[in-house]
Amino acid sequence: MRLFDTDLLGFGSYEALVGGFEWDIPEGLNIASEIFDRWSRDRRRIALYVEKPDGGRDVWSYWELIRLAKRYANFLLSLGVERGDRVSLVMPQGPEVAALHLAVYAVGATVLPMSSLYGPDSYRHILSDSGAGTIVVAGEYADRIRMVRDDLPDLRTVVIDGEPDEGERALAEAGPLPASFDPVDTSCMDPAMLLYTSGSTGHPKGALHGHRIIEGYLLTFKLFFNVEFDESTVFYTPSDWAWVGGLLDILLPALVLGHPVVADQTRFSAERAFDVIARNGVTHAFLTPTALKMMAQVPDPASRFDLDLRVIASGGESVADELHKWSERDLGAVINEFYGLTEVNHLVGGCEALWPGTPGWMGLPYPGREVAVLDGSGSPIEPGGLGEIAVRPGDPTQMIEYWRNPAATAGQFRDGWIMTGDQATVDARGYIRFLGRDDDMISSAGYRIGPAEVEESLVRHPQVAEVAVIPSPDPIRGQVVKAVVVLAEGSAGGEELTAELQAQVKTQLAAYKYPRIVEYVDSLPKTTTGKLNRKLLASLEQG
């Protein structure tokens, strides 16, 4: 039985659900077909509410969205896109990027979503590493791609949603093309998306996922949103649809299940989020803990906004007990937390409809996943102990591989487990509590930031001799990026240099990766092998 036909509440309890659940993933599977086959004839069913920067709002039916996706599929074929090719997208939330995703899946190519927050260094690395031959980019972001195009021999075609320059194509060329297209036959393991994720060393790596990924997310999407949806259900997230949180925690599962999604093309603010939620009748939202902290500072939202929020899903870090109480008291919405990685996701979490949550604890392993917390010898820890979260292979959200990186792919495994690098403890009920990364990753406002690429950017500045990038605790974002800098001989630190270093990271890498704190020191601690001792610096910062 497919997941959209499964009565999860009919199991009655967590134990019955886990004991009775089995994956039923068809060998032939295409994400676009999952949506086309169900909703292409539905002219009344709403797919998207689109909040525009000018204050207007567009409404798109499934019929309109799917017709646009089919035109885009024909356009991609006219550009020479073939099965397995990587097609990159740099677009804001909206019908164009949703339709482009479906078009890429329909032609059998692999979508490579990239954030509009990236700078040229990030674009250069990801496009070069992926070998993407085609990119579709919104006009407001196009100059950043133009800056690096000469460094990308594989990038044959640049398509602009707006006015193209010489040698570029316009997305509007798809307008006259036929609105009919049958998705190619793909297997559940054929590549569908290439998602780049930061690591603690070096540049981001590409996690290659197959079409089967949608099955894994449909299950947990139902669970962390408390299973039951109806004709009034509307989904929303301010998270970029280039990220897992926007694309897979909201957009694609909602479209498969036939419910409306709100697209907001304006930058997030807490007031704006409440306004969008109220105006569109949002009932289910994915909000990071940082977004929740910011929204909790808005006074008296229940009386100021006409809210119908019922369930909030949240991940990336733990949600504090006071935020759970605030949401239930002031918003009338329960918060279900979950945990996972881009490489294999939604391993542990909550579903208040079937098992109670405990603030500060991620929850229980979701059905279809075998998750354990292992000690150094590979044995499950006793309640109250400390160990590393591990999951057995076989979950459909598990990536196929790290793109062109067999060593990193193999390095994930130990004794038949996929090791996450995350430290945790368990209680007597089996609930798992996240304690922190086992490496140097920084988790800030829902973003995972690798220190190495930030250090690489900073050390290019002529006044920087050495630098270590570490997390610094922050009450709103959880952590922020801190740079500990040793200056080059004859240089002096100060506000002007700090601003230069911050701007350098913002423009070269991404706006969310810049160091909010810069400290100047005479020397940096090293390990016995001469490497930066980030762990010592981070522990001192925590203290």
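- In this structure, Gln93 contributes its side chain and Glu51 its backbone to no donor-acceptor pair below 3.5 Å.
- Residues Pro238 and Leu287 come closest through the heavy atom pair CD-CD2, 3.5 Å.
- Looking only at distances, a side-chain donor or acceptor of Glu337 sits under 3.5 Å from a matching main-chain atom of Val319.
- Between the side chain of Gln504 and the main chain of Ser457, a donor-acceptor pair closer than 3.5 Å is present.
- In this structure, Ser128 contributes its side chain and Leu152 its backbone to no donor-acceptor pair below 3.5 Å.
- The distance from the CG atom of Leu208 to the CG atom of Leu112 is 10.5 Å, given to the nearest 0.5 Å.
- Remark: the backbone N or O of Ile470 is not paired with any side-chain donor or acceptor of Lys482 at under 3.5 angstrom.
- Aromatic rings of Phe225 and Phe235 (six-membered ring for Trp) have centroids within the 6.0 Å cut-off, being under it.
- The aromatic rings of Tyr105 and His101 sit tilted, their planes meeting at an angle between 30° and 60°.
- A salt bridge links Asp264 to Arg272: one of the charged nitrogens lies within less than 4.0 Å of a carboxylate oxygen.
- Listed by first and then second residue, the ring pair (Phe, Tyr, Trp, His ring centres under 6.0 Å) pairs involving residues 441-469 are Trp243-Tyr447, Tyr447-Tyr512 (not counting sequence neighbours).
- To the nearest 0.5 Å, the span separating OG1 on Thr266 from NZ on Lys52 amounts to 11.0 Å.
- Taking CE of Met193 as the reference point, atom CG of Leu247 lies at 5.0 Å (rounded to 0.5 Å).
- A salt bridge links Arg460 to Asp121: one of the charged nitrogens lies within less than 4.0 Å of a carboxylate oxygen.
- Put simply, the side chain of Arg149 never gets that close to the backbone of Met147: no donor and acceptor are under 3.5 Å apart.
- Remark: side-chain polar atoms of Trp403 are paired, donor with acceptor, to backbone N or O of Asp129 under 3.5 angstrom.
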Cut-off 3.5 Å, no hydrogens considered: what does the side-chain donor-acceptor table look like for residues 340-351, sequence neighbours left out?
residue, atom, partner, partner atom, Å
Glu343, OE2, Tyr402, OH, 2.5
Asn345, OD1, Leu341, N, 3.4
Asn345, ND2, Tyr217, OH, 2.8
His346, ND1, Thr220, OG1, 2.6
His346, NE2, Asp249, OD1, 2.8

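- Counting only N and O atoms by type, the side chains of Ser472 and Glu541 include a donor and acceptor under 3.5 Å apart.
- With a 6.0 Å radius and a threshold of 12 heavy atoms from other residues, nucleotides or ligands, Glu328 has its CD atom above the threshold.
- Gln502 contributes atom CD, which lies 10.0 Å from atom CD1 of Ile517 (distance to the nearest 0.5 angstrom).
- Shown here are the side-chain contact (heavy atoms from CB on, under 4.5 Å) partners of Thr358, two or more places apart in sequence or in another chain: Trp361, Arg429, Tyr431.
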